[in-house]
Amino acid sequence: MPRPIYITTPIYYVNDRPHIGHAYTTIVADLLTRFYRLSDRDAYFVTGTDEHGSKVAEAAQQAGLSEIAFCDQTVETFKTAWENLSLSYDYFLRTTSNRHKQSVQKILEKLHTAKTENGEDVIYSDFYEGLYCTGCEKFITEKELVDGKCPHHKTKPEKLKEKNYFFRLSAFLPRIKELIESDEMQILPEERKREVLGLIGQELGDFSLSRERVKWGIPLPFDKNQSAYVWIDALSNYITAVGYGDDPDSFDKWWTKGEVIHLMAKDILKFHCLYWPAMLMAAGLELPDKMFLHGFFTVDGDKMSKTLGNQIDPNEMVAFYGADATRYLLLTQFPLGVDGDVQAKRFITQYNSDLANDLGNLVSRVIKMVLVNCGGKIPAPHKEIEGLDALMAQAEELAERSYAHIKHFRVTNAIGDAISLVRATNKFFNDRAPWKLVKEGKTDELGGILYACCEVIRIVSILLYPVMPGKMTEIRSVLSLDSASLTLANARTFFELVPGTKVKLDQPVFPRIKEEKEAKTGAPAPAEKEDDNLLDISEFGKVELRVAEVLKAEKVEGADRLLKLQIDIGSEKRQVVAGVAEHYSPDKIMGMKVVVVTNLKPATIRGVESRGMLLAAKKGKKLTLVTVADDIPAGAKIS
RNA sequence: GGCGGUGUAGCUCAGCUGGUUAGAGCAGCGGAAUCAUAAUCCGCGUGUCCGGGGUUCAAGUCCCUGCACCGCUACCA
């Protein structure tokens, strides 16, 4: 028996809305699962949601709901999106489920008593010191502060020390490094492996695994005043989902003995490739076999982000292209593992070209001819046909090639091979010109050609099934094929179709999309502006703006983006530090009349004192300083 | 600044461990065919393989270096 295979996606943060990034990972997982099942491997596919943490609690409060009610609601948006995409996970893990919470506590207990090789405790307590906002009920970083105050509550945070438990990551890194270098735990693609090894080379501190003040979380069994921090809680899902702590048989089958594959985008590399293996080692558990980190989508060149509002909603794509075509289009934009750009109009051309013109039209032209000329029944094969051997050979080796591709995560190659076969078949059909044979009454040869084409369609319907399960099932029903013959083994040989079997075709499998129809990537629907934080005029008045002339400018040593400026604000001269070095050279900014906030509290940045802030407009990578239209002396007040 | 990545036809990208005239799809031009979803098939590319060095009998493919862009990271009051 081949090893069972266990495939995971990250669990998605419940505060997010599903976008094509989430969808992509999950589609890949679904594809792999379906493909391995075709090849007779037992496979298990888990996805889910990460639902704890102070941000979730905050969002729930704003929505006027209890935490769990809020989560129940938003989890549905993920489940619906996945259902729309025909994603058939075996288990949907919620970190708020009792099962997960109980098992995480068992993991924590285990870690609590665990020792490192040197006999040190894996978990130790220490103090975390930081700025704490009582309004937010959380620590905030210096960076988040506005004018020394919490941006949300406009209050000064207090310096606070809190007890935290830490995980002794450093003790495990040498061993992890060995395992990664030797590929016992494979990090893919190669460049990501290099990146992780590079990270190990840098100084990595131990990580904090608990929070004292976060109430919406899983309490530590050995200290009820603390709750588990995100890494422990979220990463553990991979084992709690298959029965760690409550179903030894399942856990043994999938985790301990199975081939474990974690799929994710490259942004969470550190946690998965270092924190997670360390936790598992400390708990004495098997490590995953493979981690595959895929790339990011950019949309028309820009990174997808909430703030840019260019996130693509998979539901909108599904509404427009259907689940199967959406899966196809997302998977084929770029090879798995690298970043790629997505352009709205490309989706339509590619849909029409690959799916409608090549595959859909092949089905139409072949089946219609069978319907009209062969009484709607699959004709008998005929071997003496020019070009048939080559076509057969290409079709018969497709399964093997695809399997090899999938094993190495070369998803686009596997799909590309199937489409190439479709093209070759269109060419074969064209070259043999069966419509001429109809007129000449050569029915044997005609039947042979049509039989061969049906065979290719059957084989393709198996190999593209993991990508487009719905449409391939549809195509298979055209040929009266059932699911029993939906196996990779069945795709390896020609002459599986039984002559005389009825065919039927109700409508085109992939109807062409008219170009005039607006290309929908789901992109913009710009987020509605919240107008509940309008300012009172008096509040605005607190900000003092003045025109200032830049007298002198120089780069700040050791910082790429900082310029140290001497400015004249009329009444006095001041020094400010501005993060504009990437856009303005010292020469260029010298002499400019800019707008400065003059009543900010002084701050020290990179060891340089700054007393004021320049105003600038920024969009994506573009940044331009705010200046004045006509000449006016430095010091002029702005209101 | 540190780490990683990318730079190949108009566009999106393939090119594994170096080896004949550098490829695919899309778009464009010309043609064939008419079974089919106005779909298909054929033909057409003088591309500085980012620049500069080097290793080699041989480099898009390895090494060094420069440039541009992207991501993570530090500093952006």
Side-chain angles (χ1 to χ4, degrees), chain A residues 142-143 145-148 189-199 201-202 265-267 269-270 295-296 298 301-303 332-335 337-343 345-346 349-350 352-370 372-373 408 410 412-413 416 419-420 423 425-439 446 449-450 453 505 507-514 556-563 576-583 596-597 599-614 616 618 621 623:
Chain A
E142 299 252 354
K143 265 201 276 183
L145 295 185
V146 175
D147 196 13
E190 275 291 314
E191 50 268 36
R192 296 281 93 78
K193 174 177 166 181
R194 264 174 264 149
E195 196 175 332
V196 179
L197 291 173
L199 271 178
Q202 296 170 19
K266 62 184 187 181
D267 55 338
L269 168 138
K270 184 162 87 179
F296 286 139
T298 54
D302 284 323
K303 193 181 168 180
T332 50
Q333 293 311 301
F334 49 87
V338 304
D339 293 346
D341 195 43
V342 172
Q343 288 165 18
K345 58 179 181 187
R346 266 176 58 84
T349 34
Q350 206 191 340
N352 280 339
S353 158
D354 294 358
L355 299 179
N357 297 355
D358 290 342
L359 178 54
N361 184 46
L362 176 69
V363 173
S364 287
R365 70 200 302 205
V366 170
I367 298 302
K368 285 200 176 162
M369 207 165 244
V370 172
V372 172
N373 300 291
H408 294 101
R410 297 189 297 252
T412 43
N413 296 295
I419 295 296
S420 295
R423 296 207 167 103
T425 311
N426 267 321
K427 174 172 164 52
F428 170 78
F429 192 92
N430 229 70
D431 289 350
R432 297 283 65 77
W435 54 91
K436 282 184 183 161
L437 300 175
V438 171
K439 287 170 191 157
L446 168 69
I449 291 163
L450 296 177
C453 292
L505 185 66
Q507 55 200 350
V509 187
F510 294 105
R512 265 184 79 82
I513 294 173
K514 300 241 171 18
V556 173
E557 199 73 21
D560 296 349
R561 291 154 113 159
L562 304 186
L563 286 184
V576 300
V577 174
V580 296
E582 285 172 322
H583 304 88
V596 176
V597 184
N599 60 343
L600 277 184
K601 281 190 185 154
T604 305
I605 301 150
R606 208 60 190 186
V608 181
E609 192 189 37
S610 178
R611 295 173 56 218
M613 178 174 90
L614 302 201
K618 191 173 177 191
K621 268 150 234 127
L623 182 141

OP1 or OP2 of C11(B) under 4.0 Å from side-chain N/O of Arg346(A): no

Under 4.0 Å between any heavy atoms, over every strand shown, what does Arg432(A) touch: base, sugar-phosphate, or nothing? Just pick one. nothing

Can you tell me which nucleotide in U34(B), C35(B), G25(B) comes closest to the side chain of Phe429(A)? C35(B)

Does a side-chain N or O from Ser353(A) land closer than 4.0 Å to OP1 or OP2 of G25(B), or not? no

Euclidean distance for P, C16(B) against U8(B) (whole angstrom): 15 Å

If each of Phe510(A) and Asp267(A) is mapped to the nucleotide of RNA chain B with the nearest heavy atom, which maps nearer the 5' terminus, i.e. the 5' end? Phe510(A)

With nearest nucleotides of RNA chain B determined for Asp431(A) and Leu359(A) from heavy-atom distances, which residue corresponds to the more 5′ nucleotide? Leu359(A)

Nearest to the side chain of Asp354(A), which nucleotide is it out of G25(B), G5(B), C35(B)? G25(B)

Which of these nucleotides, A39(B), U40(B), A77(B), is closest to any side-chain atom of Arg512(A)? A39(B)

Look at all strands and tell whether Val372(A) reaches a base, only sugar-phosphate, or nothing, counting heavy atoms closer than 4.0 Å. nothing

Classify the nucleic acid contact of Pro511(A) as base, sugar-phosphate or nothing, counting any heavy atom under 4.0 Å across all strands shown. base

Measure from the side chain of Trp435(A), starting at C-beta and using heavy atoms only, and say which of A14(B), A33(B), G4(B) lies closest. A33(B)

On a whole-Å scale, what distance lies between the C1' atoms belonging to G45(B) and C70(B)? 29 Å

Grab the two heavy atoms, one from Phe334(A) and one from Phe296(A), that are nearest each other, plus how far apart they are. CZ-O, 4.1 Å

Taking the minimum atom-to-atom distance to the side chain of Glu195(A), which one of G4(B), A36(B), A14(B) wins? G4(B)

Quiz item: Asn357(A) side-chain donor-acceptor pair to A39(B) base, under 3.5 Å: no

Using a heavy-atom cut-off of under 4.0 Å over every strand shown, decide if Lys439(A) touches base, sugar-phosphate, or nothing. sugar-phosphate

Just to be sure I understand the rule, does Asn413(A) reach a base, reach only the sugar-phosphate, or reach nothing, if contact means heavy atoms closer than 4.0 Å? nothing

Measuring only the C1' atom in each nucleotide, how far is G71(B) from A32(B)? A whole number of Å is fine. 49 Å

